[in-house]
**Student:** 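Take this structure first; my questions come after.
Please read these numbers as outputs of a predicted model, since none were measured by experiment.
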Amino acid sequence: YVRSLLDAPIEGRVETSWRFVPSASLGGDSFGYHWIDDRRFAIYLIDVCGHGVGPALMSISAMNMVRSMTPAQASDPSEVLSLLNASFQMERHNGMYFTMWYGVYDADARRLSYSGGGHPPAFLLGGGEMQLLESQGPMIGALPELDWASVEIEVPADGRLLVFSDGVYELERADTGEMWAWDEFVEFMRGDPSPGQSRIDRLVDHATTLQGCDEFEDDFSMVEAVFH
């Protein structure tokens, strides 16, 4: 059901792909992207705490709210997070909260504005570098009337954005029993995939090798957008 609600890959000025591997107990991940107007493109990922049907349905509700926002609201990352925070206070939702990363790409200006609430940083690759686009505030739903800052950066030619949940790197290594270190994950993502292999598939293959199985403890969710 969750997979059926996710946006299909697109091509054009922005090209997208993604991988969603639900955990055995189903987590609270959802993600999406859409053109706000003829030049602005929104992309986001939501990760509700906990596992089971409750977090999954809350994540879908938040995703549907994002999809229903007006162009003026959807084009301002800080406004999006503030509106979601007002609607999903954890005291009214059985103590559940969520993290989120939200970005808006201006295809004419080649600028990306973004904000995040307690979420892992997105990666922007291009020009031989990888930038970490950090969250600008706390998780969504913890406290009312919070504000999130937005950051705007230039996108290099054929810049590549990777947005993901913590389930893609919080993995227990089969060889040591320890968690995969964040720094090791970042360094791995700086590397290039083999010819014919996507960055996401490269990560999935490596993750399953590290943990010694193809089942994940948490949802594995990653979205890639290439800005042509």
Side-chain angles (χ1 to χ4, degrees), residues 1-11 15-34 43-64 66-67 96-103 116 118-123 125 130 133 135 139 160-182 184-194 196-226:
Y1 171 68
V2 174
R3 190 188 302 277
S4 72
L5 298 177
L6 302 175
D7 295 309
I10 62 171
E11 298 179 350
E15 179 182 348
T16 65
S17 60
W18 51 263
R19 180 69 76 91
F20 174 60
V21 185
S23 64
S25 55
L26 184 62
D29 287 9
S30 65
F31 51 82
Y33 40 79
H34 61 272
I43 181 170
Y44 55 91
L45 194 147
I46 298 163
D47 184 0
V48 179
C49 67
H51 294 84
V53 174
L57 293 179
M58 181 175 175
S59 186
I60 291 168
S61 295
M63 180 175 66
N64 286 335
V66 172
R67 289 173 169 173
M96 292 187 295
Y97 61 88
F98 59 90
T99 68
M100 182 178 188
W101 193 96
Y102 185 94
H119 200 79
F123 297 160
L125 297 93
M130 187 173 80
L133 311 184
S135 285
M139 59 193 183
R160 188 179 300 268
L161 179 71
L162 295 167
V163 188
F164 50 87
S165 64
D166 56 12
V168 309
Y169 64 86
E170 290 187 345
L171 310 171
E172 182 177 319
R173 300 179 59 120
D175 55 351
T176 64
E178 298 178 349
M179 299 300 291
W180 193 21
W182 166 258
E184 292 177 356
F185 165 65
V186 172
E187 190 60 30
F188 177 83
M189 294 305 298
R190 293 184 192 275
D192 293 324
S194 302
Q197 182 187 44
S198 72
R199 290 182 181 275
I200 300 179
D201 286 341
R202 176 175 178 262
L203 175 59
V204 171
D205 291 346
H206 187 68
T208 54
T209 299
L210 276 181
Q211 60 186 5
C213 67
D214 56 6
E215 291 186 356
F216 291 84
E217 290 295 320
D218 198 2
D219 289 354
F220 180 109
S221 300
M222 177 172 277
V223 187
E224 180 179 56
V226 181

**Student:** Test of understanding: with side-chain hydrogen bond (donor to acceptor under 3.5 Å, both in side chains), list the residues that count as partners of S23, not counting sequence neighbours.
**Tutor:** D219
**Student:** Mind checking ring-ring contact (aromatic ring centres under 6.0 Å, His included) for F220 and listing every partner two or more places apart, or none if nothing turns up?
**Tutor:** F216
**Student:** What residues form a side chain to side chain contact (heavy atoms under 4.5 Å, CB included) with S61, not counting sequence neighbours?
**Tutor:** F88
**Student:** Roughly how far apart are T16 OG1 and L161 CG, rounded to 0.5 Å?
**Tutor:** 11.5 Å
**Student:** Applying salt bridge (Lys or Arg N to Asp or Glu O under 4.0 Å), name anything that partners E172, two or more places apart in sequence or on another chain.
**Tutor:** none
**Student:** Could you walk me through whether R202 and D192 pass the side-chain contact (heavy atoms from CB on, under 4.5 Å) check?
**Tutor:** CA-CA 9 Å; R202 176 175 178 262; D192 293 324; over 6 Å; no
**Student:** For atom CD of Q197, is the number of surrounding heavy atoms from other residues, nucleotides or ligands below 6.0 Å larger than 12?
**Tutor:** yes
**Student:** Please identify each residue that fulfils salt bridge (Lys or Arg N to Asp or Glu O under 4.0 Å) with E187, with sequence neighbours left out.
**Tutor:** R190
**Student:** Got a sec, which residues hit side chain to side chain contact (heavy atoms under 4.5 Å, CB included) with M189, two or more places apart in sequence or on another chain?
**Tutor:** F123, M130, L162, F185, L203, M222
**Student:** Minimum heavy-atom separation for W101 and A122, please, with both atom names.
**Tutor:** CE2-CB, 3.5 Å
**Student:** So how far is it from I46 CD1 to Y102 OH, rounded to the nearest 0.5 Å?
**Tutor:** 10.0 Å
**Student:** Could you check whether any side-chain N or O of T99 sits under 3.5 Å from a backbone N or O of H119, counting only pairs where one atom can act as donor and the other as acceptor?
**Tutor:** no
**Student:** List the atom of A62, the atom of F98, and the distance in Å for their closest heavy-atom pair.
**Tutor:** CB-CZ, 4.0 Å
**Student:** Rounded to the nearest 0.5 Å, what separation is found between the CZ atom of F31 and the OH atom of Y44?
**Tutor:** 10.0 Å
**Student:** OG/S59 to CG/D47 distance, rounded to the nearest 0.5 angstrom?
**Tutor:** 7.5 Å
**Student:** Pair up each side-chain donor or acceptor in residues 3-10 with any protein partner under 3.5 Å, not counting sequence neighbours, and list the distances.
**Tutor:**
residue	atom	partner	partner atom	Å
R3	NH1	F20	O	3.1
R3	NH2	F20	O	3.2
S4	OG	Y1	O	2.6
D7	OD1	R67	NH2	3.4
D7	OD2	Y33	N	2.9

**Student:** Can you confirm whether more than 12 heavy atoms, excluding those of E217, are under 6.0 Å from its CD atom?
**Tutor:** no
**Student:** R173: what forms a side chain to side chain contact (heavy atoms under 4.5 Å, CB included) with it, not counting sequence neighbours?
**Tutor:** D175, T176, W180, E184, L210
**Student:** Where is the tightest heavy-atom contact between P120 and S165, given as atom of each residue plus distance?
**Tutor:** CG-C, 4.4 Å
**Student:** Mind listing the closest non-hydrogen atom pair of A174 and G212 along with its distance?
**Tutor:** CB-N, 4.0 Å
**Student:** What pairs with S17 under side chain to side chain contact (heavy atoms under 4.5 Å, CB included), at least two apart in sequence or on another chain?
**Tutor:** I200, E224
**Student:** Before you tell me yes or no, could you show the steps for S221 and L45 under side-chain contact (heavy atoms from CB on, under 4.5 Å), namely the whole-Å CA-CA distance, both residues' side-chain angles and the distance that decides it to 0.1 Å?
**Tutor:** CA-CA 8 Å; S221 300; L45 194 147; 4.1 Å; yes
**Student:** Return the set of residues passing salt bridge (Lys or Arg N to Asp or Glu O under 4.0 Å) with D201 (not counting sequence neighbours), or none when no residue passes.
**Tutor:** R19
**Student:** Any chance you could measure T209, atom OG1, to D214, atom CG, to the nearest 0.5 Å?
**Tutor:** 10.5 Å
**Student:** What residues form a side-chain hydrogen bond (donor to acceptor under 3.5 Å, both in side chains) with T208, not counting sequence neighbours?
**Tutor:** none
**Student:** Considering non-hydrogen atoms only, spot the tightest contact between I60 and S30 and give its length.
**Tutor:** N-OG, 4.4 Å
**Student:** Mind jotting down which residue pairs meet the salt bridge (Lys or Arg N to Asp or Glu O under 4.0 Å) criterion with at least one end in residues 162-171? Sequence neighbours excluded, please.
**Tutor:** none
